[in-house]
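Everything below concerns the one structure shown next.
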Amino acid sequence: MLQISFLRENSEFAVERLKVRGIDAAADIAHALELDKAVREAKTNFEAQKAEANKIAKSIGELFKTGKAEEANQLKARSSELKESSKTLQEQIANNQEALEKLLYTLPNLPSKQVPSGTNENDNEVVFEFGDIPYQNHKKVPHWEIATAKNLIDFELGNKVTGAGFPFYKGYGALYQRALINFFLTEATKVGYTEYQAPLLVNEDSGFGTGQLPDKEGQMYHVTEDNLYLIPTAEVPITNIFRNNILTEMDLPIKSTGYTPCFRREAGSYGKDVRGLNRLHQFDKVEIVQIAHPSKSYEILEDMLSHSKLLLEKLGLKYRVLKLCGGDLGFTSALTYDLEVYSAAQEKWLEVSSVSNFENFQANRLKLRYKDADGNISLCHTLNGSALALPRVLAALLENYQSEEGIHIPEVLQPFMGISIIK
RNA sequence: GGAGAGGUGGCCGAGUGGUUGAAGGCGCACGCCUGGAAAGUGUGUAUACGUCAAAAGCGUAUCGAGGGUUCGAAUCCCUCUCUCUCCGCCA
């Protein structure tokens with residue numbers, strides 16, 4: 001969430017930035033500032049009255065101690081008066097504050113200067129492209145066909161046991177998944193990320209902290225019995241580790257990683273690119289998260305992007321990097337790169353990673369701050385990236401690595417799998 | 001699921017209606033002491049918000065959360081929540 005203190009000084013800048021998302025927030029921001037002003041004015045009065053009341057209460061105590069009950073009783077009357085009048089002010093403050101917060105929740109993060117303007121995914125900017133398709137002379141079959149033929153994934157079984165979007169991986173398919181998870185985690189911990197095994201269910205506060213709530217309530221599976229949410233990404237539990245923390249500047253950046261299944265209801269996206277592994281309700285992902293010093297976060301974003309790029313290169317996948325335009329940028333993000341692999345059989349690009357800098361938008365909700373050498377306390381920046389999401393990576397691997405001999409396994413995965421080809 | 005106990009500062013831990021933002025200890029920071037260190041010793045050590053050009057200062061709030069009683073609540077009452085222990089069930 002945007003800081004009201006920031007908006008006080010930079011309202012025009014904020015309006016300008018939000019235009020990149022195609023949002024005209026001028027009225028909302030003006031309204032927020034009015035509410036803020038009202039809150040502060042009422043607060044000042046309220047606090048003055050409280051101060052007096054506290055003073056009186058104190059002196060009443062003194063008077064009783066010294067046996068001057070008469071005087072004390074006179075003061076009580078004045079104190080009661082103050083209490084009455086402060087009550088209305090208190091209500092005013094609470095109402096306005098609530099309205100202000102609600103309004104602030106609806107405002108998305110300000111896109112960074114680098115964000116191209118645009119209204120949808122077609123306006124995203126391709127900033128990098130790399131790689132080739134191996135075994136080019138061989139005709140490629142879509143992954144859902146080859147995976148079924150080779151007995152790697154059973155979609156029907158998933159339908160039976162749970163429902164659409166919950167496939168079973170089996171045999172070499174399951175092994176392939178395990179190898180990928182292992183490979184991704186190994187690569188992340190090698191460069192200094194601390195591995196976590198995180199809870200898959202989170203409470204409301206955590207959902208709120210990283211911005212899934214209240215905005216995307218309908219996209220998460222909600223266990224109403226216990227008021228817990230199935231995580232849509234490891235970002236939620238792993239970033240929330242640091243909720244309500246004041247870190248030491250020296251400890252930054254903090255690099256964390258974790259593998260988790262991810263659960264997404266994908267409400268409203270039925271019928272769109274849902275074949276095979278392209279869009280699932282449950283999928284596996286290794287996430288990398290960094291808590292950063294504000295002055296370093298863009299450097300770190302590039303570093304995280306490089307990490308994900310390198311994974312794809314090691315896997316020998318053809319991929320490209322997109323810089324998301326304002327219209328396609330997530331609610332909480334200031335700048336996002338998407339990585340897409342090319343799927344040779346479907347002949348299209350599949351998103352396998354999203355690397356974002358949230359600046360202090362999440363940190364403000366999380367109350368995640370750091371203290372510098374002078375004792376000043378400021379909000380951290382938070383970043384995360386998929387490194388990587390499994391199903392589409394697997395889809396591309398199954399499709400791109402086909403030859404007449406079978407499905408080849410990229411060299412980097414062979415130690416994790418113990419085989420070099422699925423025949 | 002049943003029964004009980006408990007949530008106080010970075011941590012441990014006192015406090016039962018009146019200078020308690022909170023004793024004491026540990027930890028941490030800085031200083032003294034020392035050749036250096038330990039020990040010892042002194043000082044300091046929460047956060048948010050408001051006020052102020054800013055700092056200082058001042059004010060308000062915060063002892064799990066919310067509400068209530070009272071002139072005054074960490075302390076009394078109510079509701080919720082979380083944690084722990086025992087029993088039951090169970091990977």
Measure [atom1]/[X] against [atom2]/[N] and give the value in whole Å, please.
X      : N     : atom1 : atom2 : answer
A:L35  : B:C49 : CG    : P     : 18 Å
A:D251 : B:C28 : CG    : C1'   : 14 Å
A:N96  : B:G50 : CG    : C1'   : 16 Å
A:I56  : B:U60 : CD1   : C1'   : 16 Å
A:E98  : B:G66 : CD    : C1'   : 14 Å
A:Q97  : B:G50 : CD    : P     : 10 Å
A:E52  : B:G50 : CD    : P     : 23 Å
A:I246 : B:A48 : CD1   : C1'   : 10 Å

| Can you check side chain to side chain contact (heavy atoms under 4.5 Å, CB included) on A:D284 and A:T260, steps first, answer last? | CA-CA 6 Å; A:D284 295 292; A:T260 68; over 6 Å; no
| query | When you measure from the side chain of A:T186 to the backbone N and O of A:N182, does any donor-acceptor pair fall under 3.5 Å? | reply |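 Yes.
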| Backbone of A:G327 reached by a side-chain donor or acceptor of A:D123 within 3.5 Å |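 Flag not set: sc A:D123 to bb A:G327 has no pair under 3.5 Å.
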Hey, does the side chain of [X] come within less than 4.0 Å of [N]'s phosphate (OP1/OP2), counting only N and O?
X      : N     : answer
A:R40  : B:G59 : no
A:K367 : B:U47 : no
A:N245 : B:G10 : no
A:N54  : B:G72 : no
A:R369 : B:A48 : yes
A:K371 : B:A46 : no

| task | Could you check A:S79 against A:K50 and say which one's nearest nucleotide on RNA chain B is further toward the 5' end? | result |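 Its nearest nucleotide lies further toward 5', so the answer is A:K50.
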| message | For A:K76 and A:T44, find the nucleotide of RNA chain B closest to each by heavy atoms; which residue's nucleotide sits nearer the 5' end? | response |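 Its nucleotide being nearer the 5' end, the pick is A:T44.
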| request: Consider only side-chain N and O atoms of A:H143 and A:E399, and report whether a donor and an acceptor are under 3.5 Å apart. | output: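 A pair is found: one side chain offers a donor N or O, the other an acceptor, under 3.5 Å apart.
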| query | Between the side chains of A:Q362 and A:E235, does any donor sit under 3.5 Å from an acceptor? | reply |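 Distance-only check passes for A:Q362 and A:E235.
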Interatomic distance at [atom1], [N] relative to [M], whole Å:
N     : M     : atom1 : value
B:G67 : B:A48 : C1'   : 22 Å
B:C12 : B:G7  : C1'   : 14 Å
B:U16 : B:U75 : P     : 13 Å
B:C87 : B:G25 : P     : 39 Å
B:U83 : B:C71 : C1'   : 37 Å
B:A5  : B:U60 : P     : 38 Å

| request: With the side chain of A:A57 defined as its heavy atoms from C-beta on, choose the nearest nucleotide among B:G72, B:A61, B:A48. | output: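 Looking only at side-chain atoms, A:A57 lies closest to B:G72.
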| task | Return the nearest nucleotide to the side chain of A:K43; candidates are B:C49, B:G50, B:G59. | result |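 Per side-chain heavy atoms of A:K43, the pick is B:C49.
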| task | State whether A:F416 and A:R178 meet the cation-pi test: NZ (Lys) or CZ (Arg) under 6.0 Å from the six-membered ring centroid, and within 45° of the perpendicular axis. | result |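 That pair does not qualify as a cation-pi contact.
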Assign [X] to base, sugar-phosphate, or nothing according to its heavy-atom contacts below 4.0 angstrom with the strands shown.
X     : result
A:K55 : nothing
A:K58 : nothing
A:I60 : base

| query | For A:Y370, what residues pass the ring pair (Phe, Tyr, Trp, His ring centres under 6.0 Å) criterion, not counting sequence neighbours? | reply |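 Scan of A:Y370 (ring pair (Phe, Tyr, Trp, His ring centres under 6.0 Å), adjacent residues dropped) gives A:H293.
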| request: Please collect all salt bridge (charged side-chain N to carboxylate O under 4.0 Å, His left out) contacts where either partner lies in residues 286-312 of chain A, sequence neighbours excluded, each pair once. | output: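 Found A:K285-A:E287.
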| request: Mind checking which stems touch RNA chain B? I mean at least 3 consecutive Watson-Crick or G-U pairs, both distances under 3.5 Å. | output: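 Only these stems qualify: B:1-7 with B:81-87, B:10-12 with B:24-26, B:27-32 with B:40-45, B:46-51 with B:57-62, B:64-68 with B:76-80.
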| query | Do the rings of A:Y193 and A:H307 sit parallel, tilted or perpendicular, given the 30° and 60° boundaries? | reply |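 The rings of A:Y193 and A:H307 sit tilted, inter-plane angle from 30° to 60°.
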